[in-house]
Protein chains: 2
Amino acid sequence: MSSTPPGFELPLRLFLAFRVLIDELHAELGRQGHPDIRPMHGFVMQAIGPDGTTAVDLGRTLGVTKQAAGKTVEALERIGYVERTRDPADTRRKIVRLTPYGMDALARSAAIFDDLRARWAAELGEDRLRALEADLRKMTPANLWRLDIPGWFGAP
Amino acid sequence: MSSTPPGFELPLRLFLAFRVLIDELHAELGRQGHPDIRPMHGFVMQAIGPDGTTAVDLGRTLGVTKQAAGKTVEALERIGYVERTRDPADTRRKIVRLTPYGMDALARSAAIFDDLRARWAAELGEDRLRALEADLRKMTPANLWRLDIPGWFGAP
DNA sequence: ACACGATAGACAACCTGGTTCACTATCTAG
DNA sequence: CTAGATAGTGAACCAGGTTGTCTATCGTGT
């Protein structure tokens with residue numbers, strides 16, 4: 001006869017679970033030769049994808065301004081994860097592409113996330129985890145990338 | 001015979017679910033006379049609790065420095081949600097307490113969160129939601145309040 | 001052919017919430 | 001009664017976000 005938990009526990013647990021996964025990802029990424037990568041960077045590189053993009057497009061994907069996207073790309077460029085080249089077909093545009101180092105980080109991230117998911121499956125059971133994922137999918141918007149982290153948090 | 005989803009979907013869905021709940025909370029809070037409250041503030045007020053606390057203690061609870069906690073308290077004070085009074089027993093300390101307005105916001109937050117949880121229960125089924133909560137509880141640390149949002153996100 | 005609107009990118013100023021370092025005031029224990 | 005710990009504050013800085021402005025380039029309509 002357990003009573004229903006207070007409503008505020010759910011969002012907190014969701015956030016904590018997210019945080020636990022991200023922290024573990026970055027601890028492991030650090031061990032695998034990517035100590036300087038930050039939580040944001042992984043998402044941004046995922047959003048850039050293997051084919052490259054532009055600052056404006058990246059901003060659209062992530063739900064932030066082109067200036068914000070540009071700044072992040074700059075930071076990523078400084079630490080060697082992306083490079084920008086002018087688009088010969090439209091010299092206004094600069095194509096942002098992952099470097100081999102960036103590709104490596106992205107591939108490792110994917111592998112580590114799969115591994116973390118497998119650990120959750122081992123702990124909870126694959127069926128329970130699938131149910132959890134299905135439920136979350138049901139309650140969240142389709143577009144995975146509109147994170148606007150962490151801007152929304154301080155937004156007016 | 002569905003294949004297992006990519007590992008990176010799980011953290012994203014967790015975050016998105018968190019975000020959806022928080023956004024809905026603040027939309028409703030806005031409608032109920034608290035338009036100026038920001039996502040951070042709700043958590044901080046929860047952490048302050050009905051008995052009050054101090055900046056140092058609050059920092060410890062939230063996992064941020066006392067200076068950061070102090071700044072947040074200042075902001076909350078400016079918009080009338082908390083007040084600070086010197087502790088007569090130790091004049092170094094300043095007790096941070098919720099004002100009646102702050103209490104109102106906290107009570108409404110709790111009610112809205114309960115309501116949001118009820119909506120999830122209606123959508124997913126109470127048993128599925130309980131399973132989800134139980135699974136998250138299993139995979140996250142006990143201390144609900146060590147959020148360090150959003151500092152951890154940009155932390156070195 | 002060309003002018004004009006739309007688009008890509010960059011720069012500056014500012015905001016929030018975090019950090020570290022340094023300092024004062026007060027408490028407490030030896 | 002002094003030495004060390006603790007509470008709070010201020011300053012300088014950082015990351016990542018915003019708006020607003022500016023230039024360069026593209027592409028379309030007359």
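In what follows, chains are A, B, ... by sequence order, proteins preceding strands, each numbered from 1. Note that the structure is predicted; figures quoted are calculated from it, not measured.
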> So, A:Arg86 versus A:Thr91: side-chain donor-acceptor pair below 3.5 Å or not?
no

> The side chain of B:Lys71 is closest to which nucleotide in this list: C:dG17, C:dA13, D:dT21?
C:dG17

> Identify which nucleotide among C:dC11, C:dG18, D:dG8 has an atom closest to any side-chain atom of A:Gln67, counting heavy atoms from C-beta outward.
C:dC11

> Have a look at B:Ala68 and say if it touches a base, only the backbone sugar-phosphate, or nothing, with a 4.0 Å heavy-atom cut-off.
base

> Sequence neighbours left out, what passes side-chain hydrogen bond (donor to acceptor under 3.5 Å, both in side chains) with B:Glu74? Give chain and number order.
none

> If I take atom CG in residue A:Asp57 and atom C1' in nucleotide C:dA6, what distance separates them, rounded to the nearest angstrom?
15 Å

> Can you see if the side chain of A:Thr65 gets near the phosphate of D:dG16 - specifically, an N or O under 4.0 Å from OP1 or OP2?
no

> Let's see if you get this right: which residues in residues 75-99 of chain B place a heavy atom under 4.0 Å from DNA chain C?
B:Asp90, B:Thr91, B:Arg92

> Take atom CD of B:Glu74 and atom P of C:dG18, then tell me their distance rounded to the nearest Å.
13 Å

> Using the side-chain contact (heavy atoms from CB on, under 4.5 Å) criterion, which residues pair with B:Ala105? Sequence neighbours excluded.
B:His34, B:Ile37, B:Met45, B:Tyr81

> By nearest atom, which of the nucleotides C:dT19, D:dG8, C:dG9 is closest to the B:Thr54 side chain?
D:dG8

> Can you tell me how far C1' of C:dG18 sits from CZ of B:Phe43, to the nearest Å?
17 Å

> For the residue pair B:Val44 and B:Leu58, what are the closest heavy atoms and their distance?
CG1-CD2, 3.9 Å

> Just how far, in rounded Å, is C1' of D:dA24 from NZ of A:Lys66?
12 Å

> Treat each ILVMFWY residue as a node, draw an edge where side-chain heavy atoms are under 4.5 Å apart, and state whether A:Met139 and A:Leu14 are in one component.
yes

> B:Leu62 has an atom CG; how far is it from atom P of C:dG17, in whole Å?
13 Å

> Give me the atom names and distance for the closest heavy-atom approach of A:Glu126 to A:Ala121.
OE1-CB, 3.3 Å

